[in-house]
Amino acid sequence: MLRTTLLTAAAAALLTAPAALAQTAPETAPAAPAAQTPAPAENVIEVLKMHGRFTTLLQALDQAQLTETLATRPRITVFAPTDEVFAALPEAERTRLLDPANAQELRNLMLYHVLVADLTPDQIEGARGPIATAGGLEVNIDGTGEAIAIANATVTEPAIDAGNGGIYVIDKLLDPETAAQGDAEEAEATTAAPAPDGSTGPAPAN
């Protein structure tokens, strides 16, 4: 059921996500085709394990019942906080997140760190805009600066390739609640926008 929810709820929105990001990219001459290099055979989960500094993230993905999905699903992007990022959380908060009683909250948090799309650095460079995560909420990505920004986090090193996608190492946990609050505020602002007669809210029916 979880896999079905992940794949059906997110896939449609993500099909056009890289194009949405590219809308803000500056116009440049087409680049020469890059030399093709063989893709790694290991999936994103295996690559995270090989690097040895994502043990808490792997534990969280396992507890959120996402490990098998991310290992077998093609075209996956993971925004990966290191063990140091989790260790920087207050101990009580870290314990609460990993408590089985809060499994749904943890799942929502982990889905906010996943795209059902293989988002490459070439697509991000020079672009800025929102993209839908596997949980349905949008996260803002900014590739116009010296380092790629994912919401309030920064990508700290070059992207890591995997056989079924890629991994961006980030220096902070992403916060889906911030994104949800932003969506609510935007909806409220739209509802409160002045009508043509100067009032707020929907215009009265004739």
Side-chain angles (χ1 to χ4, degrees), residues 1-11 13-14 17 39-120 124 131-141 148 150-180:
M1 177 64 72
L2 175 61
R3 175 180 293 190
T4 302
T5 302
L6 171 63
L7 303 187
T8 57
L14 289 168
E42 296 82 7
N43 61 56
V44 292
I45 295 297
E46 292 170 331
V47 172
L48 288 170
K49 289 179 179 179
M50 288 168 55
H51 278 257
R53 51 201 172 112
F54 302 103
T55 55
T56 309
L57 173 62
L58 288 164
Q59 178 188 354
L61 290 171
D62 199 38
Q63 193 158 310
Q65 301 180 15
L66 293 173
T67 300
E68 182 183 355
T69 299
L70 298 186
T72 57
R73 168 80 185 183
R75 298 178 59 79
I76 286 289
T77 298
V78 178
F79 302 129
T82 61
D83 289 336
E84 289 79 6
V85 172
F86 283 98
L89 293 175
E91 184 176 355
E93 175 65 9
R94 188 169 61 252
T95 301
R96 188 186 67 79
L97 280 174
L98 296 175
D99 187 334
N102 300 316
Q104 185 59 53
E105 181 184 353
L106 179 63
R107 183 175 297 121
N108 292 341
L109 177 65
M110 292 297 98
L111 288 174
Y112 195 60
H113 288 74
V114 175
L115 306 181
V116 189
D118 185 4
L119 189 63
T120 65
I124 298 175
I131 185 169
T133 65
L137 294 173
E138 292 184 337
V139 63
N140 283 310
I141 299 179
I148 296 172
I150 313 293
N152 63 325
T154 300
V155 176
T156 58
E157 57 190 73
I160 303 171
D161 289 332
N164 65 333
I167 299 163
Y168 292 88
V169 182
I170 55 176
D171 62 355
K172 294 179 183 176
L173 272 177
L174 305 179
D175 186 359
E177 291 188 5
T178 300

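Count residues from 1 along the sequence.
- Among all heavy-atom pairs drawn from Ala80 and Leu57, the shortest one is CB-CD2, 3.6 Å.
- Gln65 contributes atom CD, which lies 5.0 Å from atom CZ of Arg107 (distance to the nearest 0.5 angstrom).
- To the nearest 0.5 angstrom, Thr67 atom OG1 is 5.0 Å from Ile45 atom CD1.
- When every heavy atom of Ile170 is checked against every heavy atom of Val85, the shortest pair comes out as O-CG2, 3.7 Å.
- Closest heavy-atom contact between Ala132 and Leu115: O-CD2, 3.4 Å.
- Panel note: side chain Tyr168, backbone Thr77; no donor-acceptor pair is recorded below 3.5 Å.
- Taking CD1 from Ile76 and CG from Asn43, the interatomic distance works out to 10.0 Å, rounded to the nearest 0.5 Å.
- Val169 has its side chain out of reach of Val155: every pair of non-hydrogen atoms, C-beta onward, lies at least 4.5 Å apart.
- Side-chain contact between Leu109 and Leu97 is present, with heavy atoms from C-beta onward closer than 4.5 Å.
- Between the side chain of Asn164 and the main chain of Arg73, a donor-acceptor pair closer than 3.5 Å is present.
- Around atom CD of Gln104, more than 12 heavy atoms belonging to other residues, nucleotides or ligands sit under 6.0 Å away.
- In this structure, the separation between CD on Glu105 and CG on Asp99 is 10.0 Å, given to the nearest 0.5 Å.
- Between Ile148 and Thr154 there is no side-chain heavy-atom pair separated by less than 4.5 Å.
- Across all non-hydrogen atoms, the minimal contact from Ala151 to Leu174 is CB-CD2, 4.1 Å.
- The closest side-chain donor-acceptor pair between Asp83 and Thr55 falls under 3.5 angstrom.
- Glu46 has no carboxylate O lying under 4.0 Å from a charged side-chain N of Lys49, or vice versa, which leaves the two without a salt bridge.
- When all heavy atoms of Ala162 and Val47 are compared, the pair lying nearest together is CB-CG2, 3.8 Å.
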(message) Using side chain to side chain contact (heavy atoms under 4.5 Å, CB included), reason through Val114 and Thr69 one step at a time and then give a plain yes or no.
(response) CA-CA 11 Å; Val114 175; Thr69 299; over 6 Å; no
(message) Please evaluate residues Asn152 and Asp175 with respect to the criterion side chain to side chain contact (heavy atoms under 4.5 Å, CB included), reporting the C-alpha separation (whole Å), side-chain torsions for both, the decisive distance (0.1 Å), and the verdict.
(response) CA-CA 9 Å; Asn152 63 325; Asp175 186 359; 5.6 Å; no
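- Note: Glu42 CD to Asp161 CG = 11.0 Å, rounded to the nearest 0.5 Å.
- Atom OG1 of Thr56 and atom CG of Leu173 lie 10.0 Å apart (nearest 0.5 Å).
- Between Glu84 and Arg53 there is no salt bridge, since none of the side-chain N atoms of the basic residue sits less than 4.0 Å from a carboxylate O of the acidic one.
- For Gln63 (side chain) and Leu98 (main-chain N/O), a donor-acceptor pair under 3.5 Å exists by modelled atom type.
- The two atoms that bring Val139 and Phe79 nearest to each other are CG1-CE1, 4.3 Å, heavy atoms only.
- Without hydrogens or angle criteria, Asn102 side chain to Arg96 main chain gives a donor-acceptor distance under 3.5 Å.
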